[in-house]
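Letters go in sequence order (proteins before strands), and every chain restarts at 1.
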Amino acid sequence: MNISATTELICFLALGSIVIVGALGIVLLENIVYSAFLLGGVFLAVAGLYLLLNASFVAAAQVLVYVGAVNVLILFAIMLVNKRETLSPIKGLKIRKILSGGVCLGLLALLIRVDITTPWSLPGPLTIGEQATERIGEHLFTDYLLPFELASVLLLMAMIGAIVLARRDVLSSDIGTGDKVDQGLIEKSSSKLLIEKPSS
Amino acid sequence: MFDLSSGSIPLQAYLILASLLFCIGVWGLINSRNAVRVLMSIELMLNAVNINLMAFSAYLDGDLIRGQVFAVFVITVAAAEAAVGLAILLSLYRNRVTVDMESFNLLRW
């Protein structure tokens, strides 16, 4: 075992443990803000795993899109909806958690068994290493051109859809008098739909 | 540079790591009561799938790296999903003034 292989192994173990511990923190911690910051750490560790796999372009895309966009978006959403509320207890929550944990452990056992027992056709062809970015570009503009264009249409649709969904339909001035409308008053007096529980 | 096809880390290590991450994501998806945490769990699951794709691309498809192209597409779709999901969440919060998943049961029965 030479020194580069040892370094690779140490990096893999460190990044893998960050990913697993961070993911457990995300689903188990009470405070949602801690979860959001841990999510950023998990995304960065996954980008490190991509670097270990000789994929510098995807690692950069991971950092830019996930840490730079998705994580910031989630943090903003938390700031917009972060109201401290005491969740009403539901009966059977504990048994539900235990049951779903059992199901997830079963799924994990199944997946790990498949991972280990499948005869992968190793070793595959030689890796092209640092030429990966050029090869991705070739793929995107030759045999994956249609999915590439569809992805751009999908992003446009998602952008317009997000704007339409998150828009607040409040006029800035009163139609009758032309006065400025007190935005806070509208916010307070607007009827909240469907707050009350159905009487079942 | 080390040759990945005979490197020290076996392919199965990446696959097991991805399986663990996916199962944690599934558990969080089922058990979270905060809607934002549900979205985070979905992101975890997508990342697990991406790790799988990248590992296959490096170990089994080293010259064509189609897995990396797929991973780029998955990242794109995940970004779109996060944007629309959080917009839906804001809209829900505006109507029901809570992010508790148990109270979003209008279409339940």
Side-chain angles (χ1 to χ4, degrees), chain A residues 1 4-5 8-9 12 16 19-20 23-24 26-27 32 35 39 46 49-50 53-55 58 61 65 69-70 73 77-78 80-81 85 87 90 97 100-101 104 107-108 111-112 115-116 120 123-128 132 135-136 139 144 147 151 154-155 158 161-162 165-166 192-195, chain B residues 1-2 4-9 11-12 15-17 19-21 23-24 26-28 30-31 33-34 36-37 39-41 43-44 47 51 54-55 58-63 65 68-69 71-73 75-76 79-80 82-84 86-91 93 95-100 102 106:
Chain A
M1 199 181 213
S4 68
E8 195 190 354
L9 187 65
F12 176 78
V19 167
I20 297 302
L24 283 175
I26 289 170
V27 296
I32 189 82
S35 295
L39 189 70
V46 172
L49 283 176
Y50 294 168
L53 289 167
N54 270 342
V58 187
V65 175
V70 172
L73 195 64
I78 289 171
L80 283 172
V81 301
E85 53 184 329
L87 297 173
I90 28 178
K97 282 192 172 172
S100 57
C104 287
L107 178 65
L108 179 67
L111 286 174
I112 287 181
D115 290 344
I116 292 174
W120 307 109
L126 229 62
T127 53
I128 51 172
R135 191 57 62 87
I136 290 175
H139 275 306
Y144 288 97
L154 177 78
L155 279 177
L165 281 172
K192 309 290 188 196
L193 300 169
L194 306 166
I195 298 176
Chain B
M1 292 298 292
F2 42 83
L4 266 181
S5 58
S6 63
S8 60
I9 307 173
L11 168 65
Q12 284 86 350
L15 300 184
I16 289 172
L17 176 68
S19 308
L20 275 168
L21 190 57
C23 289
I24 294 173
V26 171
W27 194 85
I30 297 171
N31 283 303
R33 294 194 62 184
N34 193 325
V36 183
R37 207 189 296 265
L39 286 170
M40 289 188 203
S41 302
E43 299 296 332
L44 284 185
N47 263 287
I51 291 176
M54 301 293 286
Y59 283 86
L60 303 176
D61 193 26
D63 53 345
I65 54 165
Q68 294 196 17
V69 184
V72 171
F73 284 128
I75 289 176
T76 315
V84 176
L86 290 170
I88 291 174
L89 178 67
L90 280 186
S91 173
Y93 181 73
N95 283 327
R96 308 203 73 156
V97 210
T98 178
V99 285
D100 184 11
E102 294 298 320
L106 187 60

What distance separates [X] [atom1] from [Y] [atom2], expressed to the nearest 0.5 Å?
X: A/Thr127; Y: B/Asp63; atom1: OG1; atom2: CG; answer: 9.5 Å
X: A/Ser100; Y: B/Ile30; atom1: OG; atom2: CD1; answer: 5.0 Å
X: B/Thr76; Y: A/Leu155; atom1: OG1; atom2: CG; answer: 6.0 Å
X: B/Asn47; Y: A/Leu39; atom1: CG; atom2: CG; answer: 8.0 Å
X: A/Ile112; Y: B/Cys23; atom1: CD1; atom2: SG; answer: 7.5 Å
X: B/Met54; Y: A/Leu53; atom1: CE; atom2: CG; answer: 6.0 Å

Greatest number of non-hydrogen atom pairs under 4.5 angstrom with chain A, of B/Asn31, B/Leu20, B/Val84, falls to B/Asn31
For B/Met40, run the side chain to side chain contact (heavy atoms under 4.5 Å, CB included) check against A/Val70, A/Val27, A/Ile32 and tell me which one passes.
A/Ile32
For chain B, the option from [options] that forms the most heavy-atom pairs under 4.5 Å:
options: A/Ala55, A/Ala69, A/Ala61, A/Gly161; value: A/Ala55
options: A/Gly16, A/Ala23, A/Ala151; value: A/Ala23
options: A/Ile26, A/Val65, A/Ile78, A/Leu49; value: A/Ile26

Given that the side chain runs from C-beta out, which part of [X] has a heavy atom under 4.5 Å from chain A: side chain, backbone, both or neither?
X: B/Ser41; value: side chain
X: B/Asp100; value: both
X: B/Ile16; value: both
X: B/Arg37; value: both

Which atom names give the shortest non-hydrogen contact between [X] and [Y], and what distance separates them?
X: B/Gly62; Y: A/Pro125; answer: N-CG, 3.8 Å
X: B/Gln12; Y: A/Ile116; answer: CG-CA, 4.4 Å
X: B/Leu86; Y: A/Ala77; answer: CD2-CB, 3.5 Å
X: B/Phe73; Y: A/Tyr144; answer: CZ-O, 4.1 Å
X: A/Tyr50; Y: B/Ile51; answer: OH-N, 3.9 Å

Under the criterion side-chain contact (heavy atoms from CB on, under 4.5 Å), I'd like the reasoning laid out for B/Leu15 against A/Leu111: C-alpha separation, chi angles, the key distance, then a yes or no.
CA-CA 9 Å; B/Leu15 300 184; A/Leu111 286 174; over 6 Å; no
Do A/Leu165 and B/Leu90 come within less than 4.5 Å of each other through their side chains, counting heavy atoms only?
no
Check: A/Val58 and B/Ile75 side chains under 4.5 Å, non-hydrogen atoms:
yes
Taking side chain as everything from C-beta outward and backbone as N, CA, C, O, which of these in A/Val81 sits under 4.5 Å from a heavy atom of chain B? Side chain, backbone, both or neither.
both
Apply side-chain contact (heavy atoms from CB on, under 4.5 Å) to B/Leu60 and list each qualifying residue two or more places apart in sequence or on a separate chain.
A/Trp120, A/Ser121, A/Leu122, B/Leu11, B/Phe56
